Student: 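Structure in structure tokens, see below.
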Amino acid sequence: MFDLGGKVALVTGGNGGLGLGMAQGLARAGARVVIAARNPEKSAAAFETLKALGSDSFAVAIDVADEASVQQAVDAVAARCGRLDILVNNAGTTVRKPVDQLTLDEWNLVLQTNLTSAFLVSRAAHPHMQRAGGGKIVNVGSMMSIFGAAYSPAYAASKAGVVQLTKSTALSWAADNIQVNAILPGWFQTEMTDGARAQVAGLYERVVARTAAGRWGRPADIAGTAVFLASPASDYVTGVSIPVDGGYSTMG
């Protein structure tokens with residue numbers, strides 16, 4: 001049920017952090033994993049880790065906020081691999097400022113990278129999945145899809161939008177046998193949250209105190225949920241958002 005042998009998976013922002021954790025999980029399950037990102041050095045290093053897991057992987061350059069770049073990259077992956085079965089929309093960024101200090105350019109950057117990109121890459125992937133007889137799309141939201149934060153209004157808005165985009169896309173493409181779901185990561189130790197811990201005093205301790213698991217997540221902790229949502233095990237699951245947060249959202 002969880003075997004991804006013969007499947008091709010495209011992971012945006014898959015060269016580090018949660019993206020690489022999910023890419024490694026998909027590779028271990030047998031998928032041929034393609035990393036789509038902008039930093040060629042990071043992508044090359046990530047590619048080597050996937051290759052060590054036995055995946056016939058490679059990397060493609062992409063600007064997820066640029067329509068032409070997205071279309072070119074997705075079509076190139078499908079042409080080279082002969083198919084595209086799994087898409088993980090993971091690329092993301094943030095700007096930590098309160099609403100009154102946030103510029104329009106900063107707002108647009110976060111919304112385009114986190115939300116518009118998921119729309120663009122999913123739309124580009126759709127005809128390839130349709131021709132293959134179905135597919136799986138996994139969108140990466142956040143705990144900020146549920147909670148607000150004074151220091152991340154653009155990020156919270158973008159990730160809440162990911163949840164609604166997930167629902168709408170799931171309904172639109174159900175007839176094509178394409179299941180679309182979202183993962184809502186809690187607080188994980190990544191390069192992005194390194195900045196949050198540095199900028200927000202006491203954040204690390206407050207998260208640990210609220211998290212039932214008693215620790216921050218590690219990228220490997222998200223891999224199993226990604227494999228589930230990419231595999232035949234989730235063929236009757238679509239339009240849902242699953243928190244992977246060690247119990248953070250459950251605590252009162």
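The figures here come from the full heavy-atom set of this structure, side chains too, leaving out hydrogens, waters and symmetry mates. As the structure is a prediction and not an experimental result, all values here were calculated from the model.
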Student: Could you report the tightest heavy-atom contact between Q189 and P219, atom names first, then the distance?
Tutor: O-CD, 3.9 Å
Student: Indicate the atoms forming the closest heavy-atom contact of F58 with C81, along with that distance.
Tutor: CE2-SG, 3.6 Å
Student: Just by distance, do the side chain of T113 and the backbone of L109 share a donor-acceptor pair under 3.5 Å?
Tutor: yes
Student: Give a yes or no on whether the ring-centroid distance for W216 and Y204 is below 6.0 angstrom.
Tutor: yes
Student: Would you mind telling me which of D85, N181, D235 makes a side chain to side chain donor-acceptor pair (under 3.5 Å) with K136?
Tutor: D235
Student: With sequence neighbours left out, write down each residue that passes salt bridge (Lys or Arg N to Asp or Glu O under 4.0 Å) with D221, or none if nothing qualifies.
Tutor: R215
Student: A side-chain contact here means heavy atoms from C-beta on lying under 4.5 Å apart; do L229 and I242 qualify?
Tutor: yes
Student: For S43 and A37, which heavy atoms make the closest approach, and how far apart are they?
Tutor: OG-CB, 3.7 Å
Student: List the atom of S158, the atom of V110, and the distance in Å for their closest heavy-atom pair.
Tutor: OG-CG1, 4.0 Å
Student: Is a side-chain N or O of S145 found less than 3.5 angstrom from the main chain of K159, in a donor-acceptor match?
Tutor: yes
Student: side-chain contact (heavy atoms from CB on, under 4.5 Å), that's the test. Do H126 and I178 meet it? Break it down for me.
Tutor: CA-CA 8 Å; H126 174 251; I178 299 172; 3.6 Å; yes
Student: Okay, side chain of T211, backbone of G246: is any donor-acceptor separation there less than 3.5 Å?
Tutor: no
Student: Does a donor on one side chain and an acceptor on the other come within less than 3.5 Å for N177 and Q179?
Tutor: yes
Student: Between N15 and N39, is any pair of side-chain heavy atoms under 4.5 Å apart?
Tutor: yes
Student: Applying the 4.5 Å side-chain criterion to the ILVMFWY set and letting contacts propagate, would L111 and L104 be lumped into a single cluster?
Tutor: yes
Student: With R210 as the cation and Y248 as the aromatic partner, state whether NZ or CZ is under 6.0 Å from the six-membered ring centre and within 45° of the axis.
Tutor: yes
Student: Do H128 and R131 meet the criterion of a side-chain donor-acceptor pair at a distance under 3.5 Å?
Tutor: yes
Student: Please report the shortest heavy-atom distance between Q112 and A65, naming the atom on each side.
Tutor: CB-CB, 4.1 Å
Student: Could you go through the side-chain contact (heavy atoms from CB on, under 4.5 Å) check for F188 and D245 one step at a time?
Tutor: CA-CA 8 Å; F188 280 72; D245 63 359; over 6 Å; no
Student: Count the heavy atoms belonging to other residues, nucleotides or ligands that lie under 6.0 Å from CD of Q101, then report whether that count exceeds 12.
Tutor: yes
Student: Can you check side-chain contact (heavy atoms from CB on, under 4.5 Å) on L18 and N90, steps first, answer last?
Tutor: CA-CA 8 Å; L18 298 185; N90 168 75; 4.2 Å; yes
Student: Looking at CD of E67 and OG1 of T116, how far apart are the two atoms once the value is rounded to the nearest 0.5 Å?
Tutor: 11.0 Å
Student: Does S122 use its side chain to pair, donor to acceptor, with the backbone of F119 at less than 3.5 Å?
Tutor: no
Student: Please say whether the positively charged group of R96, taken as NZ for Lys or CZ for Arg, lies over the ring of Y155, i.e. under 6.0 angstrom from the six-membered ring centre and within 45 degrees of the axis.
Tutor: no
Student: Atom OG in S168, atom CH2 in W173: separation rounded to 0.5 Å?
Tutor: 11.0 Å
Student: Going by heavy atoms in the side chains, are T12 and V88 under 4.5 Å from each other?
Tutor: no
Student: Can I get a per-line list of side-chain donor-acceptor pairs under 3.5 Å for residues 27-36, giving both atom names and the distance, sequence neighbours left out?
Tutor:
residue: R32; atom: NE; partner: D56; partner atom: O; Å: 2.7
residue: R32; atom: NE; partner: D56; partner atom: OD2; Å: 3.4
residue: R32; atom: NH2; partner: D56; partner atom: OD2; Å: 3.3

Student: Output the distance between atom NZ (K167) and atom OG (S241), rounded to the nearest 0.5 Å.
Tutor: 6.5 Å
Student: Does any non-hydrogen side-chain atom of F2 lie less than 4.5 Å from one of P232?
Tutor: no
Student: If you take all heavy atoms of A230 and L26, which pair is closest and at what distance?
Tutor: CB-CD2, 3.7 Å
Student: Got a second to check how far T238's OG1 is from I137's CD1, nearest 0.5 Å?
Tutor: 9.0 Å
Student: Do V244 and P185 have side-chain heavy atoms sitting under 4.5 Å apart?
Tutor: no
Student: Please check if V77 and L4 belong to a single hydrophobic cluster, counting links between Ile, Leu, Val, Met, Phe, Trp and Tyr side chain heavy atoms closer than 4.5 Å.
Tutor: no
Student: Can you get from V138 to L171 by hopping between Ile, Leu, Val, Met, Phe, Trp and Tyr side chains that sit under 4.5 Å apart?
Tutor: no
Student: Could you give the distance from OG1 (T169) to CZ (R123), rounded to the nearest 0.5 Å?
Tutor: 11.5 Å
Student: Could you walk me through whether N89 and L87 pass side-chain contact (heavy atoms from CB on, under 4.5 Å), step by step?
Tutor: CA-CA 6 Å; N89 282 310; L87 167 63; 3.5 Å; yes
Student: Let me check something: do I62 and L115 share a hydrophobic cluster, defined by ILVMFWY side-chain heavy atoms less than 4.5 Å apart, either directly or through other members?
Tutor: yes
Student: Measuring only between side-chain heavy atoms, which start at C-beta, is V162 closer than 4.5 Å to L184?
Tutor: no
Student: I want to check something: taking the side chain as every heavy atom from C-beta on, are L102 and P153 in contact at a cut-off of under 4.5 Å?
Tutor: yes
Student: Looking at A46, is its backbone amide N or carbonyl O close enough to the side chain of T49 to form a donor-acceptor pair, meaning the two atoms are under 3.5 Å apart?
Tutor: yes
Student: Does a side-chain heavy-atom distance below 4.5 Å link Q24 with L50?
Tutor: yes
Student: Indicate whether any N or O donor in one side chain lies under 3.5 Å from an N or O acceptor in the other, for Q72 and S69.
Tutor: no
Student: So how far is it from T94 OG1 to M144 CE, rounded to the nearest 0.5 Å?
Tutor: 9.0 Å
Student: Could you see if I86 belongs to whatever hydrophobic cluster contains V140? Use Ile, Leu, Val, Met, Phe, Trp, Tyr and a side-chain cutoff under 4.5 Å.
Tutor: yes
